[in-house]
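Okay, so here's the structure we're looking at.
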Amino acid sequence: MKKIIAIIGLLASVTVLNSCKKVLDAQPYDRVAADVIWSNKANAETFIYGTYGIMYAYGSGPGVDTRTTNILASYGTAGNAYPVFSESLTNRSDYGFDNWADIRRCNVIIQNVGASTSISDADKKALIAEGKFLRAMSYFNIARITGRIVWIDKPLTENDNFKLPTTANPSESYKYIIKDLEDAVADLPTTKIAGRANKYVAAAFLTEVCLEALAYKNYPAAPNVNTADPLLDEIITNAQLVIGGGYALETDYEGMFNETKSTSPEIIYAIYNKALNTVVQNTPMQNSIPNITADKIKKFDGSPLFNKSVPFECWPENFPAQNLTDDYLTIDKSDPTKVLPWNQTSQYKNAVDESVNVTAPFTRLGFPQNKVPVSADETQIKQGRIKPGSTETMWTLTNENRDARWHASIISDSTSFYGELFTTCLRGNAGRWLGINGGEYGFGLSNMYWRKGVYTNVSPSFLNTVSTDYHYVCMRLGRVYLNLAEAYLLKGDVPNAVANLNKTRVTHGQIPQSAAGNLTDAWKDYKRERRVELTEENDHYYSLLRWGRFGAEANDGIASNGTIIELTEPIRVMDVSKDRKSFSIVTGAFGNGYNQRRFEPNRRYLFPIAQGYIDNNPSFGPQNSGW
């Protein structure tokens with residue numbers, strides 16, 4: 001639907017060129033005069049469309065979740081995450097603060113639309129609301145990083161003071177952001193145009209902004225959320241507004257993130273890029289898909305060969321970690337009312353002997369079909385083998401009766417995708433051991449690849465220069481249900497919280513409902529549900545920080561502002577033997593320091609304002625706590 005916006009923008013430009021020829025005849029020739037831009041709604045919209053780049057900060061893909069144990073990364077993706085999860089960054093690091101160019105565009109929209117004498121009052125109201133929505137979204141991205149923002153509500157001129165101060169604290173920042181979103185909810189239309197804000201888009205984002213605002217109250221002291229806090233009611237009211245807005249949970253979960261359901265009725269806001277100006281390497285697919293040829297597979301005695309000679313020629317850097325995939329629950333075969341981690345089910349316990357040694361030294365060729373290796377720089381934490389006489393295999397234990405989002409999100413061993421069979425076991429065609437100990441580049445580190453967010457119609461192959469449509473999901477109904485569930489948890493209302501987290505768990509996961517009857521169990525089920533539901537949607541890192549600020553049941557019983565266990569635990573990887581009967585789970589650096597994970601609570605809940613900004617303008621100080 002971005003195509004629709006592009007066409008509208010083009011028509012508006014044509015109108016300007018045809019009706020304002022005398023204006024454009026004057027120098028400079030590469031500019032459109034301001035009085036022309038704001039002379040009518042269509043021209044103003046052209047300027048507004050050019051401001052939507054702000055929304056890429058909320059797009060699906062790995063985003064900042066590379067700092068969590070959802071993702072095992074390599075190359076530049078790992079390099080960007082390492083300074084964060086190793087606590088090696090300093091107050092000279094700049095992770096976001098300068099959004100002033102975007103804010104100026106938003107303020108120009110608000111001021112010039114308001115001052116226009118030729119745009120109708122009704123259109124003015126909606127366009128100003130759109131400018132406020134975009135301003136709020138730009139500031140929200142800064143607030144969740146540094147807490148404080150430089151609030152500017154008008155276009156600055158050369159006569160204004162540029163040595164402006166920051167807000168005093170995160171609460172003041174969120175006060176401005178929430179007010180802009182409230183105005184947007186009040187004045188935006190209900191009309192749904194894919195790729196453009198409406199009343200429901202603003203309300204949906206407002207539910208998440210309010211959660212963050214609650215978490216960062218009183219910062220750096222604990223937030224002490226009161227169950228009667230008005231922000232909780234604001235979340236509930238706006239979530240219910242969206243739920244009643246004509247959206248519907250999508251039964252084809254995978255399709256929402258590829259070409260088949262890119263405009264699903266569940267998607268509230270997405271960014272749509274067209275093949276006209278998009279190639280594979282401009283999308284998250286470039287770093288999710290491997291680079292595999294027949295020669296690479298043969299070098300390790302792997303099988304089977306792919307049907308195409310070069311089906312995948314990307315630069316993989318982003319892979320699902322075992323830590324994440326362990327949270328995709330499995331229905332217990334002995335009691336189908338139970339859902340458990342795959343290695344806690346009755347079928348696993350009946351089938352696997354964890355006392356047997358299944359490791360052997362790695363060899364490139366002729367490696368045993370019933371063994372797995374362990375690299376010298378890795379630590380084995382579990383191993384096992386299917387008992388003689390059992391009909392189970394590692395494939396059945398990890399695939400059968402599992403949360404449906406597992407198959408929709410992950411390419412794992414023996415997965416068919418894009419007309420090719422992926423085998424990530426030892427001596428397979430796509431496993432990690434083809435890339436270590438003198439191996440080849442282009443293979444995953446975790447024996448898994450992302451299926452979520454990967455289109456299935458890229459043609460003729462996944463080559464980095466092939467043109468493709470691509471869309472980024474920024475907000476959808478499932479996320480709103482989860483925001484609503486979190487608000488009810490903070491109110492202590494377990495039944496309503498569980499009812500809302502079950503919306504996605506049942507529809508998308510296709511597993512039995514959570515029956516949690518107390519806050520501790522409800523938070524546990526909620527956190528797992530949000531993790532698997534929103535993986536690769538740029539959510540998990542900020543959610544972990546928010547839960548750490550709330551503390552108690554929201555953070556594994558740890559008091560507010562305490563450590564966050566997941567941000568310190570090592571990442572896990574599982575290897576499976578060629579016969580699918582032996583497995584080994586290891587931790588290690590995996591080439592990128594993944595066994596050096598730290599979290600310093602005194603500073604990591606907010607990043608620093610880069611000290612260079614404060615050096616140039618002391619009004620941006622003081623520096624954030626701990627930096």
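- In this view, Phe133 satisfies the ring-ring contact (aromatic ring centres under 6.0 Å, His included) rule with no residue, not counting sequence neighbours.
- Here Leu545 contributes atom CG and Ile564 contributes atom CD1; the two are 5.0 Å apart, rounded to the nearest 0.5 Å.
- Judged as a ring pair (Phe, Tyr, Trp, His ring centres under 6.0 Å), the pairs with a partner in residues 167-199 (not counting sequence neighbours) are, in order, Trp151-Tyr176.
- Ser60 and Val473 get closest at one heavy-atom pair: OG-N, 2.9 Å.
- The salt bridge (charged side-chain N to carboxylate O under 4.0 Å, His left out) analysis of residues 47-68, with sequence neighbours excluded, yields no pairs.
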For residues 75-82, dump all side-chain donor-acceptor pairs below 3.5 Å to protein atoms at least two apart in sequence or in another chain.
residue : atom : partner : partner atom : Å
Thr77   : OG1  : Glu317  : OE1          : 2.6
Asn80   : ND2  : Gly76   : O            : 3.3
Tyr82   : OH   : Gln596  : OE1          : 3.0

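- Partners of Tyr216 according to the ring-ring contact (aromatic ring centres under 6.0 Å, His included) rule, which considers only residues two or more places apart in sequence or in another chain, are Tyr219.
- Applying the salt bridge (charged side-chain N to carboxylate O under 4.0 Å, His left out) rule to Glu254 yields the partners Arg451; only residues at least two apart in sequence or on another chain are considered.
- Judged as a salt bridge (charged side-chain N to carboxylate O under 4.0 Å, His left out), and not counting sequence neighbours, the contacts of Lys179 are Asp183.
- For an aromatic pair to be called close, the ring centres must be under 6.0 Å apart, and Trp100 with Phe620 satisfies this.
- With sequence neighbours excluded, no residue forms a ring-ring contact (aromatic ring centres under 6.0 Å, His included) with Trp450.
- Here Glu266 pairs with Arg476 under the salt bridge (charged side-chain N to carboxylate O under 4.0 Å, His left out) rule; sequence neighbours left out.
- Side-chain N or O atoms of Asn318 include none that pairs as donor or acceptor with a backbone N or O of Ala73 at under 3.5 Å.
- Aromatic ring centroids of Tyr200 and Tyr269 lie 6.0 Å or more apart.
- A search for salt bridge (charged side-chain N to carboxylate O under 4.0 Å, His left out) contacts involving Asp94 returns nothing, not counting sequence neighbours.
- Within 6.0 Å of atom NZ in Lys124, more than 12 heavy atoms from other residues, nucleotides or ligands are found, so the atom counts as buried in its surroundings.
- Partners of Asn169 under the side chain to side chain donor-acceptor pair (under 3.5 Å) rule, at least two apart in sequence or in another chain, do not exist in this structure.
- Shown here is Lys261, whose NZ atom has more than 12 heavy atoms of other residues, nucleotides or ligands within 6.0 Å.
- Partners of Phe417 by ring-ring contact (aromatic ring centres under 6.0 Å, His included), not counting sequence neighbours: none found.
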